[in-house]
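Report on the following structure.
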Amino acid sequence: MNFNTALLHKSFSGDPATGATVMPVCQTSAFAHESAEKLEAVFNSKAYGYAYSRISNPTVDSFEKRISALENGIGAVACSSGMAAVTMSLLNILQSGDEIIAGSGLFGGTLDLFKDLEAFGITTRFTDDVTAESIEPLITDKTKAVFTELIGNPKLNVVDVKSVAELAHSRGIPLIADSTTATPYLIHPFEYGADIVVHSSSKYINGGGNAISGVVIDSGSFKWDTSRYPGFEGYEKFGKLAYLAKLRNGIWRNTGCCLAPANAFLNSVGLETLGLRMERICSNALKLAEYLKDVPGIEVNYPALPDNPYYGLVKEQFGGKGGAILTVRAGSKENAFKLINSLRYASIATNIGDVRTLVIHPASTIYTHSTPQQKESAGVYDDSIRVSIGIEDPEDLIEDFAQAAKK
Ligand SMILES: *Cc1c(COP(=O)(O)O)cnc(C)c1O
């Protein structure tokens, strides 16, 4: 199956119970069974069925199966938000004393989370760019995960998944990839060696900006050696499914960060048009970037522009597509604000992955609590604007940016 066909038909053929062509919202907390014996069996994973929506629910199940199939994973666990997914992907394997290696240009919420984890004895060593060369000197006996975003937001640095995964594996460490900004339309990270993929499916997968959700997907290929990952003791019997079994029966279920069925429904519906939207969005972004590159007083950053330092990597591992985000430097904060305020079609909002174009001044919003050093590592300057491109007609976007840039 090719990409758009897979979005509709891979691991999904409607609701088996009713024939409904979309999976209906199964809006219930609990599921009743015909006997105490049956509920006992369901509860103990000895029989197929549902018991309680914090643990599993048919609408959520269907979303998990579809997104796992899309990433060519062996299974997925859906979460209440992208942040919950990031948190779960790590807490499932880490314990006090462990270390993470991560890029310093991560999504702000993830950086805040890594700070929060310090109270539990989990520390993070940061590198400006996640490359095999930069992470190697940071590895210690305590390093238990390398965590990276594939296209940094808003830095737009692109990660060579293949070489980073190879280096991490050579030291017995898994690579956890946040593929939110890349999406499965650009890259299937498991093909290049990533072990776990997380998404904030609130963004491109949902597409309409109408429901928060996150998902953790496992490739099933990392061997969780219990001498390095003692929490896996007792889960060896699950074989390849050990990571997912541990997550589902452990920290995910017990922290209660399950995805609401109504939000799973909205995200499943959104998923079906991911390919169409991303095709249009990537094409719009490239056209706008090409236009802006020649506008005096403006500097544009977009990974799929041929003179971008990541262009080769984009062609090699990301299907030649640059994604939806571009950044613009306008010369000063005043110019940046003026440009933002002059745009007619871009909503001034802190989100990405909507069908409509969104624009923000990161330094005064998302990074307002960051130190100058953190801002610089994240590629955030006083005059930077982040644009999340939508599906509007490209002529209208170009015309809008042209008139705003003139002002
Ligand atoms: C938005 C985002 C998150 C967090 O997702 P939420 O759904 O907002 O919790 C994590 N990583 C990246 C790259 C994001 O863009």
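Order of appearance sets the numbers: ligands from 1, and atoms from 1 within every ligand.
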**Study point:** Shortest protein heavy-atom distance from atom 5 (O) of ligand 1, along with the residue and atom involved
**Key:**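 Ranked first by proximity to atom 5 (O) of ligand 1 is S200 OG, 2.9 Å.
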Point to revise | For atom 4 (C) of ligand 1, closest protein heavy-atom neighbour | key: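 Result for atom 4 (C) of ligand 1: F107 CE2, 3.5 Å.
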Hey, which atoms in ligand 1 end up nearer than 4.0 Å to a heavy atom of [X]?
X	answer
I352	15 (O)
K203	1 (C), 2 (C), 3 (C), 5 (O), 14 (C), 15 (O)
S81	7 (O), 9 (O)
M83	4 (C), 5 (O), 6 (P), 9 (O)
D178	10 (C), 11 (N), 12 (C), 13 (C)

Check your understanding: Does V86, backbone or side chain, put an N or O under 3.5 Å from an N or O of ligand 1?
Key ->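 No, no N or O pair falls under 3.5 Å.
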Exercise for review: State whether the shortest distance between N or O atoms of S202 and N or O atoms of ligand 1 falls below 3.5 angstrom.
Suggested key: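 Such a contact does occur with ligand 1.
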Would you mind checking if [Y] and [X] are paired as a salt bridge, meaning a charged N to carboxylate O distance below 4.0 Å?
X	Y	answer
K142	D98	no
K287	E290	no
R248	E64	yes
K321	E279	no

**Study point:** Minimum-distance pair of heavy atoms, taken over all atoms of F265 and V22
**Key:**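 Nearest pair, atom of F265 first, then V22: CE1-CG2, 4.1 Å.
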Exercise for review: Evaluate the ring planes of F114 and F147, with Trp represented by its six-membered ring, and classify them as parallel (under 30°), tilted (30 to 60°) or perpendicular (over 60°).
Suggested key: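 Perpendicular: the ring planes of F114 and F147 meet at over 60°.
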Exercise for review: Please report the C-alpha distance between K338 and E334 in whole Å, then the side-chain angles of each, then the deciding distance to 0.1 Å, and finally whether the salt bridge (charged side-chain N to carboxylate O under 4.0 Å, His left out) criterion is met.
Suggested key: CA-CA 6 Å; K338 204 160 192 182; E334 196 192 356; 5.9 Å; no
